[in-house]
Each structure stands twice: as structure tokens, then as C-alpha cells.
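Inspection log for the structure reproduced underneath, given as C-alpha cells.
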Amino acid sequence: TGVQTCALPIWIAFQICDDLADVKQDELNGKPNICEFLSVVDASDVLVYLVEWLKSQIVNLQIVNTELLKEIIGILQMKNV
């Protein structure tokens, strides 16, 4: 289903958002952060890609109730400013 197809990419996108916001704090606390493996720019690029992919899934999967997915996309876009 559309939810199953989008669930993992949504989780990954939110994790990237969190890691981008917490780079310095995670470094100080010795916590893992995606930016240890990718640069901040590359992590941001992956996030942009995931948001665009999610937008395409509304059409590709013919998702009828798009409000939740659109809200998630909006949140992800705001966090990547």
C-alpha cells in the first residue's frame, strides 16, 4: 500500500532532519549522526531528494487521502530551511 511504500522513506527523512539539527549536540554527547558519514550538504541533498520522491508517490501510488502526506512533506521542507 501507499503507507507501506512511504513509511521507511518518511522515517529516514525525519531522522536526517533530526540529525541535521543536532550535529553539534550529538558530537558533544558522542551520539551517532548521519553527518559523520555524509557531509551536512550531502545529508541535506538526500533530504531534498526524499521530499521530492514523497511528492511523486502521491501521483504514482494514486494516494487518495493526501492530506497527511502533504503535511509530512511540509514539515520536512520547513525543517530543511
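Side chains are part of it too, since the values below use all heavy atoms of this structure and drop only hydrogens, waters and symmetry mates.
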Item checked: Nearest-0.5 Å distance, CD of residue Q15 to CG of residue L20 -> 10.0 Å
Margin query: Can you list everything that forms a salt bridge (charged side-chain N to carboxylate O under 4.0 Å, His left out) with K55? Sequence neighbours excluded, please.
Written below: E52
Note to self: Rounded to the nearest 0.5 Å, what separates atom CD1 in I16 from atom OH in Y49?
What the structure shows: 12.0 Å
Check: Rounded to the nearest 0.5 Å, how far apart are CG of L47 and CG of D19?
Finding: 11.0 Å
Next item on the list: Please list, chain by chain and in numerical order, all residues satisfying side-chain contact (heavy atoms from CB on, under 4.5 Å) with L8, sequence neighbours excluded.
Entry: W11, I12
Margin query: Could you report the tightest heavy-atom contact between W53 and P9, atom names first, then the distance?
Written below: CZ3-CG, 3.4 Å
Notebook entry, point to check: Taking atom CD1 of I10 and atom CD1 of I73, what is their separation to the nearest 0.5 Å?
Noted result: 7.5 Å
Note to self: Assess the residue pair L76 and L54 against the criterion (side-chain contact (heavy atoms from CB on, under 4.5 Å)); give the C-alpha distance rounded to whole Å, side-chain angles, the decisive distance to 0.1 Å, and a yes or no.
What the structure shows: CA-CA 11 Å; L76 291 169; L54 288 167; 4.0 Å; yes
Check: Just how far is it from atom CG of L50 to atom CG of D45, taken to the nearest 0.5 Å?
Finding: 11.0 Å
Can you give the donor-acceptor pairs under 3.5 Å from side chains of residues 21-30 to other protein atoms, not counting sequence neighbours?
| unit_1 | atom_1 | unit_2 | atom_2 | d |
| --- | --- | --- | --- | --- |
| D26 | OD2 | N33 | ND2 | 2.9 |
| N29 | ND2 | Q25 | O | 3.2 |

Checklist line | Straight-line distance of F37 CZ to D42 CG, nearest 0.5 Å | finding: 14.0 Å
